Amino acid sequence: MLDLRFIRKNPEFVQDALNRRGMDLSIQEFLQLDEERRSVIQDVEELRRQRNQASEEVARLKKNGEDASEQIDQLSRVSDRIKELEAKKKDREERLREIRLAIPNIPQEDVPTGDSDEDNIEVRRWGELPSFGFEPKPHWELGPELGGLDFERAAKITGSRFAVYWSWAARLERALINFMLELQTQQNGYTEILPPFIVNSESMQGTGQLPKFEEDLFKLEDWDYYLIPTAEVPLINLHMNEVIPEDDLPLAYTAFTPCFRSEAGSYGKDTKGLIRQHQFNKVELVRFTRPEDSKEQLEILLGHAEAVLRELELPYRVVTLCTGDLGFSASKTYDVEIWLPGQNAFREISSCSNCGDFQARRAGIRYKPRDAKGSELLHTLNGSGMAVGRTLLAILENNQQEDGSVLIPKALRPYMGGMERIEPTTGAGRA
RNA sequence: GGAGAGGUGGCCGAGUUGGACGAAGGCGCGCGAUUGGAAAUCGCGUGUGCCGGCAGAACCGGCACCGAGGGUUCGAAUCCCUCCCUCUCCGCCA
């Protein structure tokens, strides 16, 4: 959510930012409603001032046992008028709020203008792309062949876009989760959180999923509850309507959670394998910072995300999202893209965003500057560190051997009971 | 799920026969006085949002806010309704 006064004073700037994002939303209506709202407020408050004054008069008359029926009669009419104007004011405010909740964040100046992911800018690459003396397989072949990933039975017990993990795969997923959490908590200073996986609509609005993206969410029937699409939602809303002392900043939280997404509108995309699931695991990173620190903090956050892939020795690249590819709440986003030999392409595995004060304003998250009175909105950042399923699939594809086995990254072996390699026999025992 | 109690300012806590300003009092916090310094004591101050004055800040004026929303009334923290949350007891349950 943007600052009301900011929009009012910089309408061209806001309109331009919306256009850069490729939105055809016009803020004309917004400005009109804002004007009307302020005009009504002035009228209503003037009437209220009169009423307050006259009410005191009535009170005094009654106290002295005098007759006040004339004044009461008059006041009755004033009150009716106030009610009318209140209704108008409420209407304008609601419409204004609706619009404001639907306006995305303003991209930072250094975000490249563009229409789609093709206009994203590559920042850097890390690691060497593996070369194979054979045709590398995609994970949706490797996984089932090694007896670890089972998409058919998942489709039976639930439906499409779900997976059953057997034996080594289940253990590998769990190992990755532990590895990531240990890295972020022990080396990068994050506090581990285990939040609810179900949140209410207020939280969803706080981080920006609602009201615009309801169709992407799973909602519990007859409840104002939703399955979280990312741990960012519960983590950011931990501090909803709170004021945090400056000395406590930056706050850094990490959490492992499953994530649930309806993937509405992505029919036919990534139908094979683990890439796009309705339920997937993710270790999330979130930071609350002072406004003046958030740009630097985004680089730090990105570094923490990258550390995961470096430790696992998986090749990746970092791209800056262009305005057209930027998420609703973000002012700037880096995507980390992992190399997938099975698809001969880089695919997103982490997204690290600076949301500025956009979420803080929606969720009412402020900080108290050390040497100032009052409080100010702080800045929020979030990033994946990492999407676990995609990391697992990247290991399968990058570390596959000609004999059909897969090498387990060294950093992960302690979490796998010392296991060094996944072989077809590793998963033996299941049908 | 059943029965009961309660939600007031940073905190504690008055107010519950509707009418005296954000609302007694205490604590905390800030400034000042006192002191060689400190404690104690005394004095003053101490919320947020919105609208207007202003380019903006400070400041000034106004309006709103006593869990949320609605209602009754000339007027509600105080009365009525709905919802949310907390606590206690019972039941059920991993």
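Basis for what follows: all heavy atoms, side chains included, without hydrogens, waters or symmetry-related copies. Quick caveat: nothing in here was measured; it's all calculated off a predicted structure.
- To the nearest angstrom, P of B/G69 lies 12 Å from CD of A/Glu93.
- A/Lys90 comes within 4.0 angstrom of sugar-phosphate atoms only, judged by non-hydrogen atoms across all strands, and of no base.
- A/Glu299 and A/Tyr334 share a donor-acceptor pair across their side chains, judged by distance under 3.5 Å alone.
- If A/Arg5 and A/Leu75 are placed on RNA chain B by their nearest nucleotide, the residue sitting closer to the 5' end is A/Arg5.
- The nucleotide B/C59 finds its pairing partner in B/G53, both defining distances of the Watson-Crick or G-U wobble pair being shorter than 3.5 Å.
- Figure legend. B/U72 is base-paired to no nucleotide; pairs are counted as Watson-Crick or G-U wobble with both atom distances under 3.5 Å.
- Here the C1' atom of nucleotide B/A68 and the CD atom of A/Gln205 are 15 Å apart, to the nearest Å.
- Note: A/Phe162 and A/His278 have tilted aromatic rings, judged against thresholds of 30 and 60 degrees for the angle between ring planes.
- Pair check for B/G6 finds B/C85; Watson-Crick or G-U wobble, both atom distances under 3.5 Å.
- Checking B/G49, B/C74, B/U72 against the side-chain heavy atoms of A/Ser55 singles out B/C74 as nearest.
- Of the candidates A/Asn354, A/Asn105, A/Asp110, A/Lys332 forms a side chain to side chain donor-acceptor pair (under 3.5 Å) with just one, namely A/Asp110.
- Atoms CD1 (A/Ile82) and P (B/G62) sit 16 Å apart, rounded to a whole Å.
- What separates CD of A/Gln74 from C1' of B/C74 is a distance of 11 Å, to the nearest Å.
- Residue-level contact check: A/Arg37 touches the backbone only, with heavy atoms under 4.0 Å from sugar-phosphate atoms and none from bases.
- Side chain of A/Arg95 to main chain of A/Leu33: no donor-acceptor pair is present (N/O by atom type, distance under 3.5 Å, no hydrogens or angles).
- We find that NZ of A/Lys89 is positioned 13 Å from P of B/G52, with the value rounded to whole Å.
- Remark: B/C42 base-pairs with B/G32; criterion is Watson-Crick or G-U wobble with both hydrogen-bond distances under 3.5 Å.
- A/Arg97 comes within 4.0 angstrom of no nucleic acid atom, judged by non-hydrogen atoms across all strands.
- The nearest whole Å value for the distance from the CD atom in A/Glu35 to the C1' atom in B/G52 is 14 Å.
- Across all strands shown, B/A94 remains unpaired; no Watson-Crick or G-U wobble contact has both distances below 3.5 Å.
- Between the side chain of A/Glu45 and the base of B/G62, a donor-acceptor pair under 3.5 Å is found.
- A/Leu285 is not listed as a side-chain neighbour of A/Asn382, based on a closest heavy-atom distance of 4.5 Å or more.
- Of the two residues near RNA chain B, A/Arg366 and A/Ser76, the one whose nearest nucleotide lies more 5' is A/Arg366.
- Counting to the nearest Å, the C1' atom of B/G52 and the CZ atom of A/Arg48 are 15 Å from each other.
- In this entry the distance linking CG of A/Asn52 with C1' of B/G22 reads 14 Å, nearest Å.
- Nucleotide B/G47 forms a pair with B/C65, judged by Watson-Crick or G-U wobble geometry with both contacts under 3.5 Å.
- When A/Lys9, A/Arg361, A/Arg37 are each tested for a side-chain contact (heavy atoms from CB on, under 4.5 Å) with A/Leu4, only one passes: A/Arg37.
- Comparing B/C74, B/C51, B/G19 against the side chain of A/Ala59 picks out B/G19 as the nearest.
- Across all strands shown, B/C21 forms no Watson-Crick or G-U wobble pair with both key distances under 3.5 Å.
- Among the atoms of the strands shown, none is found under 4.0 Å from any heavy atom of A/Asp73.
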